[in-house]
Amino acid sequence: MIKREKISNILKSTNFNTEVTVMGWVKTFRNNQFIALNDGSCMNNLQVVVDFANTSEEILKKITTGAAIAATGLLVESLGKGQSVEVKAATLEVLGESDAEKFPLQPKKHSLEFLRDIAHLRFRTNTFNAIFKVRNALAFAVHQFFNERGFVYLHTPIITASDAEGAGEMFRVTTLPFENTPKNEDGSIDFKEDFFGRSANLTVSGQLEGELGAMALGEIYTFGPTFRAENSNTTRHLAEFWMIEPEVAFADLEDNMNLAENLLKYIITYVLKNCKDELAFLTTRLAEEEKSKPQNERSEFDLMGKLQFCLENNFERITYTEAIEILKRSKPNQKKQFKYLIEEWGADLQSEHERYLVEKHFKKPVILTDYPADIKSFYMRMNEPDEQGRRTVRAMDILFPGIGEMVGGSQREERLDYLKARMDEMHIPQDELYWYLDTRKFGTAPHAGFGLGFERLVLFVTGMTNIRDVIPFPRFPKNAEF
RNA sequence: UCCUAAGUAGCUCAGCUGGUUAGAGCAUCUGACUGUUAAUCAGAGGGUCCCUGGUUCGAGUCCAGGCUUGGGAGCCA
């Protein structure tokens, strides 16, 4: 194929009157003369000027929105106002036609709901072009951050046999037939006949395996798909999502919080530096959207301002107990505006409470630590009971404005006897997790880690509000199209 | 799963207290124009009113059930 010039390069070029070949998809064709051409290399379009008097009617008719074309001609300074350069097409080839009556994208605003229905084509819009460029940059920044610090990128399994983690409903993995399924004498399914010789599921977290790696490699992280079969219908849950899970040996909760905060700030800095056009576009997009909201619901920062603010300020770090005190004294609690009123220590925080802390009280990201043991997982390190005998664990959740829980993590319980006691208490079978317990038997050490929901990060950075719009092909209840 | 709103042309939406042939803007098609920026002007075509039942002389409109979607809640990342 003829070597094409990327539009991103051409728009920056000043090599006027040289011949170039460009290939891309037609956004609009105005006045039978002007093609707005996009090849995905950047957000902006290149104007290709067609000499319609000397171009066959047959070709002109095929230059429709969505068609793929190749154009060769001189790069010149634009005569028109909206752009600095343009290509005067000497030859024009239609690579792939696009029936204008059937192509669903028009040169106008489409609702995000409609675009979700045509997720296979929504990449061709400015908005999704920007979102997936930013998503890519975020992913790259994650790897760069950890690589610079000597972390090992560990590939934990996607299929797991343990269903003891309690992190949520799991998708079953099986090759057993749906009919005449082999049964045990008691009528239950005989998984010995199944592919793995036992029941298997898609992973809900790589943490336990990650800990095994950290207890030898020192510092590891995972970054892969995660699956939850919860019937969650919200703007911040997916059945298939990507999670980043670092795990660090010889680290406590303090180190863990520092790592998470540094990671988030590093990534945001990277994107501010490397995705200027995309963030500028998304900032404008969000501002437009905010215009339709009532004044009191609009945010005080625009998207860029919000990201900048996040970098310039330390995340607020408070304990659960302190948070409860703040919430108890808060106006919405005293005026009984909360749906769930905060009355006593031990209550799980509802999202209205988290939002109050983050969006009203502190107005910045908040790290909540030391939750009551009763509402947290078995593997979190137990604190000494306080003077009132209340038990807490060394957990931390990082809450972001508009997103809620972005990060959930903890210092891990490294003391074998404590861990076993907790597992018994929570009815987690020790024999199934013998391999996990082995790390505490042989050379146990303090360690800590967390899980960062990648799509939630993309939401925050792009200013989008529905998690289904920041992953190419979202999976959620009743939907696995594409 | 619960609460709530919605589903009408390719898209966004109007359609009153049930009434004759269901509308608009954009898109599409045809023609005009030709340095346009979501081009402009004139005309034309385009409908399983989400599905299944029911009430009624008559249902886009009312009732019941279902499906899907948006928003909120729960589960969580």
Side-chain angles (χ1 to χ4, degrees), chain A residues 27-36 44-53 60-61 64-66 76 78-83 86 88 98-118 121 125-126 165-169 203-207 222-245 260 338-340 348-355 375-377 397-400 403-409 450-460 465-469 471 476-479 481:
Chain A
K27 286 277 183 140
T28 59
F29 184 32
R30 281 186 295 269
N31 218 352
N32 222 11
Q33 261 190 108
F34 304 104
I35 300 172
N44 296 320
N45 303 322
L46 172 69
Q47 175 152 292
V48 174
V49 184
V50 181
D51 178 8
F52 66 92
L60 288 175
K61 282 203 161 179
T64 55
T65 303
V76 295
S78 180
L79 301 175
K81 275 180 187 156
Q83 56 284 316
E86 62 191 24
K88 273 187 129 43
S98 174
D99 186 338
E101 287 199 59
K102 290 178 183 150
F103 187 62
L105 290 171
Q106 302 158 17
K108 70 162 207 170
K109 268 223 155 60
H110 288 291
S111 69
L112 293 169
E113 291 81 11
F114 171 66
L115 292 172
R116 224 169 277 150
D117 285 339
I118 52 163
L121 295 172
T125 64
N126 290 332
E165 296 167 38
E169 289 297 312
T203 183
V204 291
S205 162
Q207 182 201 318
T222 73
F223 187 176
T226 308
F227 307 88
R228 305 268 166 97
E230 301 286 348
N231 190 11
S232 299
N233 293 289
T234 77
T235 53
R236 53 189 189 287
H237 289 87
L238 290 166
E240 177 183 288
F241 64 100
W242 288 66
M243 186 154 64
I244 298 145
E245 293 179 290
F338 281 142
K339 197 173 166 205
Y340 297 91
D348 211 345
L349 299 182
Q350 307 292 318
S351 51
E352 58 180 349
H353 307 131
E354 297 181 349
R355 270 209 311 278
I375 57 173
K376 287 289 181 181
S377 307
D397 283 359
I398 305 186
L399 309 176
F400 265 68
I403 311 290
E405 191 178 339
M406 176 95 78
V407 168
F450 60 83
L452 166 63
F454 186 57
E455 283 75 19
R456 291 186 180 176
L457 173 66
V458 184
L459 273 183
F460 181 72
T465 50
N466 191 319
I467 202 164
R468 296 169 187 182
D469 294 329
I471 188 167
F476 52 96
K478 299 289 184 299
N479 200 308
E481 192 69 43

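Lettering follows sequence order; numbering is per chain, from 1.
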S.K.: So A/Glu352 and A/Lys339, do their side chains get closer than 4.5 Å, heavy atoms only?
M.R.: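 They are in side-chain contact.
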
S.K.: Report yes if some heavy atom in the side chain of A/Ile471 is under 4.5 Å from a heavy atom in the side chain of A/Trp242; otherwise report no.
M.R.: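 In contact.
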
S.K.: Which letters describe nucleotides 2-8 of chain B, given B = protein heavy atom under 4.0 Å from base, S = only from sugar-phosphate, - = neither?
M.R.: -------

S.K.: For the CG atom of A/Leu112 and the CG atom of A/Asp117, what is their distance to the nearest 0.5 Å?
M.R.: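 The CG atom of A/Leu112 sits 11.5 Å away from the CG atom of A/Asp117.
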
S.K.: What contact category does A/Thr226 fall into here, base, sugar-phosphate, or nothing, at under 4.0 angstrom with non-hydrogen atoms?
M.R.: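 If one applies the 4.0 Å heavy-atom cut-off, A/Thr226 turns out to touch nothing in the nucleic acid.
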
S.K.: With heavy-atom distances below 4.5 Å as the criterion, would you say the side chains of A/Ile398 and A/Leu452 are in contact?
M.R.: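 Answer no - side chains too far apart.
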
S.K.: B/A73, OP1 or OP2 - any side-chain N/O from A/Arg236 closer than 4.0 Å?
M.R.: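 True: A/Arg236 side-chain N/O within range (under 4.0 Å) of B/A73 OP1/OP2.
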
S.K.: If I pick the P atom on B/G10 and the same atom on B/U68, what distance separates them, to the nearest angstrom?
M.R.: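 It works out to 22 Å between them.
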
S.K.: Say you draw a straight line from NZ of A/Lys61 to CZ of A/Phe29; how long is it, rounded to the nearest 0.5 Å?
M.R.: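 Going from NZ on A/Lys61 over to CZ on A/Phe29, the span is 12.5 Å.
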
S.K.: Looking at A/Arg116, does any N or O in its side chain come under 4.0 Å of the phosphate oxygens OP1/OP2 on B/G70?
M.R.: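 Looking at the OP1 and OP2 atoms of B/G70, one of them is under 4.0 Å from a side-chain N or O of A/Arg116.
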
S.K.: Touch check for A/Ile244, heavy atoms < 4.0 angstrom, all strands: base, sugar-phosphate only, or nothing?
M.R.: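 It contacts nothing in the nucleic acid.
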
S.K.: Quick one: label A/Gln350 by what it contacts on the DNA or RNA (base, sugar-phosphate, nothing), any heavy atom closer than 4.0 Å.
M.R.: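 Contact class for A/Gln350: sugar-phosphate only.
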
S.K.: Are any of A/Ser232's side-chain N or O atoms less than 4.0 Å away from OP1 or OP2 of B/G74?
M.R.: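 No, A/Ser232 has no side-chain N/O under 4.0 Å of OP1/OP2 on B/G74.
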
S.K.: Looking for any heavy atom pair under 4.0 Å, which part of the strands does A/Gln83 touch: base, sugar-phosphate only, or nothing?
M.R.: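 Touches a base.
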
S.K.: Quick one: which protein N/O atoms are closer than 3.5 Å to N/O atoms of nucleotides 11-14 of chain B? Pair and distance per line, please.
M.R.:
unit_1, atom_1, unit_2, atom_2, d
B/C11, O2, A/Lys108, NZ, 2.9
B/U12, OP1, A/Ser111, OG, 3.0

S.K.: Under 4.0 angstrom, heavy atoms only, what part of the nucleic acid is A/Lys61 near: base, sugar-phosphate, or nothing?
M.R.: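 A/Lys61: backbone/sugar contact only, no base atoms under 4.0 Å.
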
S.K.: Is the Lys NZ or Arg CZ of A/Arg468 less than 6.0 Å from the centre of A/Phe476's six-membered ring, within 45° of the axis?
M.R.: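 Satisfied, under 6.0 Å and within 45°.
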
S.K.: Rounded at 0.5 Å granularity, tell me how far CG in A/Asp99 sits from OG1 in A/Thr65.
M.R.: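 OG1 of A/Thr65 is found 11.5 Å from CG of A/Asp99.
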
S.K.: In the structure I gave you, are the side-chain heavy atoms of A/Glu405 and A/Leu349 within less than 4.5 Å of one another anywhere?
M.R.: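 A side-chain contact under 4.5 Å is absent here.
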
S.K.: Taking protein heavy atoms under 4.0 Å as touching, what does nucleotides 39-51 of chain B look like 5' to 3' if B marks base contact, S marks sugar-phosphate-only contact and - marks none?
M.R.: B------------

S.K.: Taking the side chain of A/Met243 as heavy atoms from C-beta outward, which of B/U68, B/A77, B/G70 is closest to it?
M.R.: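 Looking only at heavy atoms from C-beta outward on A/Met243, the closest nucleotide is B/A77.
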
S.K.: Determine the contact category for A/Glu354: base if any of its heavy atoms lies under 4.0 Å from a base atom, sugar-phosphate if only primed atoms, P, OP1 or OP2 are that close, otherwise nothing.
M.R.: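 Result for A/Glu354 = nothing.
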
S.K.: Tell me what A/Thr65 touches on the nucleic acid: a base, only sugar-phosphate, or nothing, going by heavy atoms under 4.0 Å.
M.R.: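 It contacts nothing in the nucleic acid.
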
S.K.: Measure from CZ on A/Phe52 to P on B/C33 and round the result to the nearest Å.
M.R.: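 Roughly 10 Å, once rounded to whole Å.
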
S.K.: By centroid distance (under 5.5 Å) and plane angle (under 30°), are A/Phe241 and B/A77 in a stacked arrangement?
M.R.: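 Taking the rule of under 5.5 Å and under 30°, the ring of A/Phe241 does stack on B/A77.
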
S.K.: Need to verify one output field. Residue with the more 5' nearest nucleotide on RNA chain B, A/Asn479 or A/Asp397?
M.R.: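 Nearer the 5' end of the strand: A/Asn479.
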
S.K.: Measure the spacing between NZ of A/Lys108 and OG1 of A/Thr28 and express it to the nearest 0.5 Å.
M.R.: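 Here the interatomic distance stands at 15.5 Å.
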
S.K.: If I take atom CG from residue A/Asn32 and atom CZ from residue A/Arg30, how far apart are they, to the nearest 0.5 angstrom?
M.R.: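 Answer rounded to 0.5 Å: 13.0 Å.
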
S.K.: Give me the distance, rounded to whole Å, that separates B/U61 from B/U8 when you measure between the P atoms they each carry.
M.R.: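 Here B/U61 and B/U8 have their P atoms 13 Å from each other.
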
S.K.: Is there a side-chain contact between A/Leu457 and A/Met406, using heavy atoms and a 4.5 Å cut-off?
M.R.: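 Heavy-atom side-chain distance check passes, below 4.5 Å.
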
S.K.: Base, sugar-phosphate, or nothing: which does A/Gly80 touch, judged by heavy atoms less than 4.0 Å apart?
M.R.: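 The answer is base, as A/Gly80 lies within the cut-off (heavy atoms under 4.0 Å) of a base atom.
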
S.K.: Decide whether A/Asn126 and A/Lys27 meet the rule of one side-chain donor and one side-chain acceptor closer than 3.5 Å.
M.R.: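 On atom types as modelled, these side chains qualify, holding a pair under 3.5 Å.
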
S.K.: Between A/Phe476 and A/Glu455, name the one whose nearest nucleotide on RNA chain B is closer to the 5' end.
M.R.: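 The residue closer to the strand's 5' end, by nearest nucleotide, is A/Phe476.
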
S.K.: Within the structure, does a side-chain N or O atom of A/Arg355 lie under 4.0 Å from either OP1 or OP2 of B/A73?
M.R.: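 Yes, within the criterion.
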
